[in-house]
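Notes follow once the structure below has been shown.
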Number of protein chains: 2
Amino acid sequence: MDAAEDRTGRHDDRDTRRALLHAATFVFADRGFDAATLREVTRAAGANIAAVNYHFRSKDELLRLTLEQCLGPLNAARLGAMKACEGDPQPTLRTVLRAIVAPLVELSLDERGGRAAIRLMLQTKALPRALTNEIFAEQFDELHRLSRRMLQRAAPELGEAQIALRYEYIRGAILHIVADLDPNARRMPGLEDIQDHVSNSALIDDIISFCETGFSTSD
Amino acid sequence: MDAAEDRTGRHDDRDTRRALLHAATFVFADRGFDAATLREVTRAAGANIAAVNYHFRSKDELLRLTLEQCLGPLNAARLGAMKACEGDPQPTLRTVLRAIVAPLVELSLDERGGRAAIRLMLQTKALPRALTNEIFAEQFDELHRLSRRMLQRAAPELGEAQIALRYEYIRGAILHIVADLDPNARRMPGLEDIQDHVSNSALIDDIISFCETGFSTSD
DNA sequence: GTCTATAAGTAGATAGAC
DNA sequence: GTCTATCTACTTATAGAC
């Protein structure tokens with residue numbers, strides 16, 4: 001018998017809870033938090049409707065935990081790459097840019113949750129609320145500060161404000177292309193080929209090249 | 001007496017209808033289409049709840065008309081700038097980029113609807129559905145095709161796929177920075193100054209410079 | 001921990017008076 | 001065209017049996 005079940009056939013504490021979080025990631029990402037119903041989530045999780053209340057108390061609290069579970073690994077991967085950079089005494093701009101770009105592109109390949117996590121993140125970013133802004137701040141503020149500090153180190157000739165602006169351009173470019181390549185995105189006319197068969201390592205290098213020269217401009 | 005009212009004090013056909021569309025732009029943009037209720041919209045429009053059904057038949061149909069009213073001017077401004085470019089026999093890359101960047105940044109300043117229109121567009125892009133994808137295709141496909149054609153003309157040394165990818169990077173950078181500068185966006189730590197007092201003509205030039213050098217990279 | 005049943009609220013849509 | 005009143009169909013959340 002599965003270790004997760006006791007002799008009554010009931011699931012362990014954590015089983016249903018995890019199934020709910022996993023299902024919520026996809027249902028929220030696909031339909032949007034507001035349009036998604038708890039019934040859809042519990043159906044996808046193979047759980048009973050009352051389980052949400054038992055494990056999370058409310059829909060909002062389920063969103064909080066789901067987002068945290070999504071953003072945690074996302075943040076960890078990005079922060080890890082950036083901290084590896086930080087250890088480098090003289091990181092090149094390209095090294096820093098790779099640490100910004102690669103984790104996002106790579107996670108967007110993971111269909112077991114990474115891609116949905118990114119979709120949920122983008123959707124949540126596009127519709128700011130108190131609850132989610134708070135979570136974003138907890139998850140990403142350190143990463144963004146560190147990233148700007150590393151960019152500054154790799155390009156000491158630029159002012160702080162310039163760095164901050166260009167960091168945003170870079171983030172925009174990456175997030176947008178990652179969203180475009182999601183199979184759920186609208187097919188752009190004349191871009192179908194790219195949306196369907198871009199090689200990801202080539203894409204990473206291409207974005208980095210674009211950002212590198214853009215970032216180094218002196219105008 | 002106002003020409004819009006007849007002797008019974010009732011509004012002209014178009015008055016309530018327009019108030020509803022205007023209110024829907026803001027309510028949908030602020031709260032998200034799914035979370036927004038028709039009662040909020042009608043309250044904001046100073047209209048009766050039944051007016052939506054009379055003028056638009058359903059919430060979905062109100063969204064369709066609202067989006068079309070928002071995206072129409074957005075598209076017209078961008079398409080106009082790009083067509084002006086098309087008239088130029090030898091447009092520089094910078095000229096083409098300005099036609100891509102300037103209309104969006106300028107419209108994001110317009111608090112009478114432009115900014116809300118952009119917010120609604122971004123939010124709608126982040127949560128694709130059949131209804132809205134259809135509207136996006138009608139509104140923007142021509143613009144995107146033309147933009148890529150003009151970029152190709154300004155940078156004939158690049159391949160079609162390169163142009164398409166880099167056009168997406170550029171769009172991403174612009175849309176992201178425009179979203180960041182919206183007062184409704186989350187305050188980014190260490191970016192508050194930029195979010196609060198960036199001069200828009202300086203911003204346009206800065207984005208263009210970033211994109212221009214990035215676009216011209218030969219790697 | 002999980003289930004059924006239900007409470008309590010609110011949504012979009014509509015009928016019909018004016 | 002506009003209004004009030006209401007219908008129907010959900011929703012989240014919960015109480016209580018197992």
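Below, read A as the first sequence line, B as the second, and so on, with proteins coming before strands; counting in each chain starts at 1. Just so you know, these numbers come straight off a predicted model, no measurement behind them.
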Send over the distance from [X] [atom1] to [N] [atom2], rounded to a whole Å.
{"X": "B/Phe28", "N": "C/dG12", "atom1": "CZ", "atom2": "C1'", "value": "12 Å"}
{"X": "A/Arg43", "N": "C/dC3", "atom1": "CZ", "atom2": "P", "value": "15 Å"}
{"X": "B/Lys59", "N": "C/dT10", "atom1": "NZ", "atom2": "C1'", "value": "12 Å"}
{"X": "B/Leu20", "N": "C/dG12", "atom1": "CG", "atom2": "P", "value": "13 Å"}
{"X": "B/Tyr54", "N": "D/dG1", "atom1": "OH", "atom2": "C1'", "value": "5 Å"}
{"X": "B/Arg57", "N": "C/dA15", "atom1": "CZ", "atom2": "P", "value": "13 Å"}
{"X": "B/Phe56", "N": "D/dG1", "atom1": "CZ", "atom2": "C1'", "value": "13 Å"}
{"X": "B/Asp60", "N": "C/dG12", "atom1": "CG", "atom2": "P", "value": "11 Å"}

Between [options], which one does the side chain of [X] approach most closely?
{"X": "B/Ala50", "options": "C/dA13, D/dA15, D/dC3", "result": "D/dC3"}
{"X": "A/His55", "options": "C/dT2, D/dT2, C/dA13", "result": "C/dT2"}
{"X": "B/Arg39", "options": "C/dG12, C/dT4, D/dC3", "result": "C/dG12"}

(message) Within the 4.0 Å heavy-atom criterion, would you say B/Ala35 contacts the bases, only the backbone, or no part of the nucleic acid?
(response)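 Since no nucleic acid heavy atom lies under 4.0 Å of B/Ala35, the category is nothing.
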(request) Give the ring-plane orientation class for A/Phe140 versus A/His144, where under 30° counts as parallel, over 60° as perpendicular and anything between as tilted. (result)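 Because their plane-to-plane angle lies in the 30° to 60° range, the rings of A/Phe140 and A/His144 count as tilted.
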With no hydrogens and no angle check, is any side-chain donor or acceptor of [X] less than 3.5 Å from a backbone partner on [Y]?
{"X": "B/Lys59", "Y": "B/Ala36", "result": "yes"}
{"X": "A/Glu86", "Y": "A/Met150", "result": "no"}
{"X": "A/Gln195", "Y": "A/Arg186", "result": "yes"}

[X] side chain N/O closer than 4.0 Å to the phosphate oxygens (OP1, OP2) of [N]?
{"X": "B/Ser58", "N": "C/dG12", "result": "no"}
{"X": "A/Thr37", "N": "D/dC10", "result": "no"}
{"X": "B/Asn53", "N": "C/dA13", "result": "no"}
{"X": "A/Asn48", "N": "C/dG1", "result": "no"}

(message) Which heavy atom of B/Ala179 sits nearest to which heavy atom of B/Ala185, and what is that distance?
(response)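 The pair with the smallest heavy-atom distance is O-CB, 3.3 Å.
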